[in-house]
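Notes to accompany the following structure.
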Amino acid sequence: MIASLNKSKKINITATNPGPRGGIWSKINFQKKEIIVIAGSDVQGLQYAIYDYSKEILDIDPLQYWTGKEIIPKTSIDLFDFTNRTIAPPIVPLLCYFENDVDELANYRGDLLEYDWESYTEMINSLVRLRYNAIQIFDMLGRPEFFIRPEYKELTDYKVNVAYVEKMIDYAQKKGMKVAIDFALGYQIHPMSADKATCWKDYKEDWITAWRYYLEKTPLRKTDIFILRPRHQVWDWEYESSCGEEKIAVFNEVYKAFGDLVDENKPNADKVLVCYSDGMEMWNDGFRPPKDWIVAWSDHGFGDFEHLPNTTDGYSFGTYMHAGYWLNHTVHNPYPEKVETVMKDMFHTYDADKFCLVNGQNFRPFLLNLEAYSEVCNNPDNFEASSFYQEWTKRYFNDSSSQHAIASMKSLHEAQKERIGYVQHLWEIREAISYLSDSPIQRPGKSPVPHDYKRVENDLEHVKVVEELIDLSAQEASKGLKAATENKVFYHDYIYLPTVLYQDLIRFERTLHQMSVLKKQYEDAPTTTLLSEIKALLPKAKLQLEQIYQNRKSGDKAIKWDNWYNPEIRRPNNGFPTFEMLEKITSNLNSKS
């Protein structure tokens, strides 16, 4: 029927017009009736045309599962309330979601560190509606932390479910997504000893054998996009050779060897070099994979770049960006303005529009940034941050609530300058507690370090500024919540609750800082008065910690997300303050009496 309508010139769509991943909406007269034609140049183009129509004309939220947006019934007249449209293919041909640091999403119901099927499939469904056409599966392959680090071993006896991994891959591909895999060698799906990951020249065959095993004996044989980082191949840190190699020379060989293996097994597959962290310095110092690799330049975690390429050297370039980062894992950092300015600059200056990998962390808190990256990668010329903010918030809230939501999120962003976020403050709290209890600072996955007042002193001023901004953010969020007339539960859970959780943490940290300043004064000139002043703040700190636990455990209004913020199943990076820690402080202070 579509072919017939096209042949008779009633519609105009071919495989090349508008092109792959493009489509049309048309209203035409057909057999004495007005009908709606939605079509695509290919299957994905049809998908996007349908999803766009559903969003814009039917008012169906592409993130509805996560937002709970109320659906308003439409009349038949509403269905025809549009002008004919050609939907151009996205500018970025490969927009890939990175499932990384997913603990809350994988823990809040079902088996720990494994998505329940509903959460996973609904995540894929929403990503496809937002034009993400690939997913990099990472955590679900069994990252080394899950089965090696004590913090995770205390949580659960982790075992990767290989059959479930294959089921996940199959579902993503069935929905039209390519599956990307970073062929790191530490996954529990087939782990290699970390000792062999520090000397390419001695263990080259072990690396190649492990990669070949992935491709022949595991679900990773279904990989569509092959990713590799020029780093340690088991742990996510810099490659430091244990046998005197120069790392650029090593990875020039590694990428050739791995690329040949990919070509042997999956000819014409996409291959992506993710220049994460020191990988960018290596590029600028002369590291070069074979020319058929896409080079993905990495942000520093919060949407900006610490390094820029000194040349693209004729390579296809893309980006690796963060919608959320491990340092703000619990509370999002909304930054559509960064998405606009930084991505447009990367597109215009470096032609870095061949690939975009977006790290969504545990997905649900980072919906706004995830959609912003989708929009800018679809059509950068049409993406404008302030308009995006207005459209996104008015999709859910009335005009008054929308403006308060935007003001709140902008203050929340201001509070997280210089790579600061909720999880970073957990580390700062750990520093203060260690100083107040005269105990070493425990570090997840690493050896302890001595406590030091200078560490605390470095945090004093910026936390004071953060408190002012978070208070402002919470005030605006509260005003918007009071003004909300629809989707009030989503307003509470996405706009208001994160500011409250952040505010709770900062208030607790500020009290610990007051105690630390007094303790330093006491160390310099001991008096019973100073010691009493420090002790007098302990009840306040305890009440604030109780508030942190209470608000995290009560959490969302939507029953669906019950248990999401439970401290017991959080991601253990940077730890979490406990009442036992306060008891240690009390005991330490009492010992000085």
Side-chain angles (χ1 to χ4, degrees), residues 145 149-155 326-327 329-330 418-467 470 501-550 552 567-568 570-593:
E145 290 93 330
R149 287 199 171 156
E151 295 80 11
Y152 279 106
K153 292 174 79 170
E154 290 173 12
L155 186 66
W326 72 270
L327 288 174
H329 193 253
T330 303
E418 306 302 329
R419 289 163 61 97
I420 294 297
Y422 188 98
V423 176
Q424 176 62 27
H425 287 285
L426 290 176
W427 174 252
E428 295 172 359
I429 286 169
R430 183 175 283 256
E431 291 176 324
I433 288 173
S434 294
Y435 172 66
L436 289 167
S437 58
D438 287 323
S439 58
I441 304 173
Q442 301 297 325
R443 301 187 298 168
K446 298 179 181 179
S447 57
V449 293
H451 66 81
D452 184 352
Y453 177 72
K454 288 183 179 178
R455 290 176 176 271
V456 181
E457 189 176 38
N458 289 338
D459 300 330
L460 297 177
E461 290 304 315
H462 88 84
V463 175
K464 193 183 300 182
V465 174
V466 168
E467 184 179 40
I470 289 298
L501 298 180
Y502 214 138
Q503 189 178 53
D504 289 345
L505 196 72
I506 296 302
R507 286 175 174 174
F508 177 63
E509 185 178 4
R510 287 274 287 140
T511 299
L512 295 178
H513 283 178
Q514 292 170 36
M515 295 169 66
S516 297
V517 170
L518 290 170
K519 180 174 181 281
K520 182 64 170 70
Q521 292 174 5
Y522 174 82
E523 289 171 345
D524 293 341
T527 68
T528 54
T529 301
L530 282 171
L531 193 59
S532 297
E533 286 183 44
I534 304 170
K535 290 180 179 180
L537 288 169
L538 275 166
K540 179 181 179 182
K542 184 178 180 182
L543 286 173
Q544 289 170 329
L545 187 56
E546 287 173 351
Q547 189 73 49
I548 288 170
Y549 276 81
Q550 180 181 325
R552 284 193 62 127
E568 294 175 7
R570 77 196 184 284
R571 186 164 186 251
N573 55 327
N574 283 357
F576 205 80
T578 66
F579 294 98
E580 290 76 16
M581 292 175 181
L582 293 185
E583 289 171 8
K584 285 184 179 179
I585 293 173
T586 303
S587 177
N588 186 48
L589 294 175
N590 287 338
S591 71
K592 299 180 186 300
S593 299

With a cut-off of 6.0 Å (strictly less than), are more than 12 heavy atoms of other residues, nucleotides or ligands near CD of Q521?
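Counting other residues, nucleotides and ligands, CD of Q521 exceeds 12 neighbours.
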Could you tell me the separation between the [atom1] atom of [X] and the [atom2] atom of [Y], rounded to the nearest 0.5 Å?
| X | Y | atom1 | atom2 | value |
| --- | --- | --- | --- | --- |
| L460 | E509 | CG | CD | 9.0 Å |
| I548 | F576 | CD1 | CZ | 6.0 Å |
| H513 | D459 | NE2 | CG | 5.0 Å |
| L518 | K535 | CG | NZ | 13.5 Å |
| N458 | D452 | CG | CG | 8.5 Å |
| I585 | Y435 | CD1 | OH | 11.5 Å |

Backbone N/O of [Y] and side chain of [X]: donor-acceptor pair under 3.5 Å:
| X | Y | answer |
| --- | --- | --- |
| R510 | R507 | no |
| S434 | R430 | yes |
| N588 | L436 | yes |

Which atom of [X] lies closest to which atom of [Y], heavy atoms considered:
| X | Y | value |
| --- | --- | --- |
| H425 | V463 | CE1-CG2, 4.1 Å |
| H451 | S439 | CB-O, 3.4 Å |
| E428 | I420 | OE2-CD1, 4.1 Å |
| K540 | T511 | CE-OG1, 3.6 Å |
| L512 | A432 | CB-CB, 4.0 Å |

Please collect all side chain to side chain donor-acceptor pair (under 3.5 Å) contacts where either partner lies in residues 524-533, sequence neighbours excluded, each pair once.
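Non-adjacent pairs meeting side chain to side chain donor-acceptor pair (under 3.5 Å): K520-D524.
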Run the side-chain contact (heavy atoms from CB on, under 4.5 Å) check on D504 and Q550 step by step: do they pass?
CA-CA 10 Å; D504 289 345; Q550 180 181 325; over 6 Å; no
Assess whether a salt bridge exists between E523 and K519, defined as any Lys/Arg side-chain N lying under 4.0 Å from an Asp/Glu carboxylate O.
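Salt bridge flag = yes for K519 with E523.
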Please test K454 against E457 for salt bridge (Lys or Arg N to Asp or Glu O under 4.0 Å), starting from the C-alpha separation and ending with a verdict.
CA-CA 5 Å; K454 288 183 179 178; E457 189 176 38; over 6 Å; no
Can the positive tip of K592 be found less than 6.0 Å from the middle of the six-membered ring of Y522, inside 45° of the ring normal?
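Cation-pi check for K592 and Y522: fails.
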Let me see the working for V449 and R455 under side-chain contact (heavy atoms from CB on, under 4.5 Å), right down to the final yes or no.
CA-CA 11 Å; V449 293; R455 290 176 176 271; 3.7 Å; yes
Can you name the side-chain hydrogen bond (donor to acceptor under 3.5 Å, both in side chains) partners of T586, sequence neighbours left out?
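side-chain hydrogen bond (donor to acceptor under 3.5 Å, both in side chains) check on T586 returns nothing, list empty.
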Could you go through T330 and L426, starting from their C-alpha distance and side-chain angles, then the distance that decides it, and tell me whether this counts as side-chain contact (heavy atoms from CB on, under 4.5 Å)?
CA-CA 11 Å; T330 303; L426 290 176; 5.6 Å; no
Does a side-chain heavy-atom distance below 4.5 Å link [X] with [Y]?
| X | Y | value |
| --- | --- | --- |
| W427 | I441 | yes |
| P572 | L155 | no |
| L505 | I429 | yes |

Should the ring pair Y549 and F579 be called parallel, tilted or perpendicular, given that the plane angle runs from 0 to 90° and is split at 30 and 60?
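It falls in the tilted class, 30° to 60°.
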Apply side-chain contact (heavy atoms from CB on, under 4.5 Å) to N573 and list each qualifying residue two or more places apart in sequence or on a separate chain.
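In terms of side-chain contact (heavy atoms from CB on, under 4.5 Å), with neighbours along the sequence ignored, N573 is linked to W326, V423, R571.
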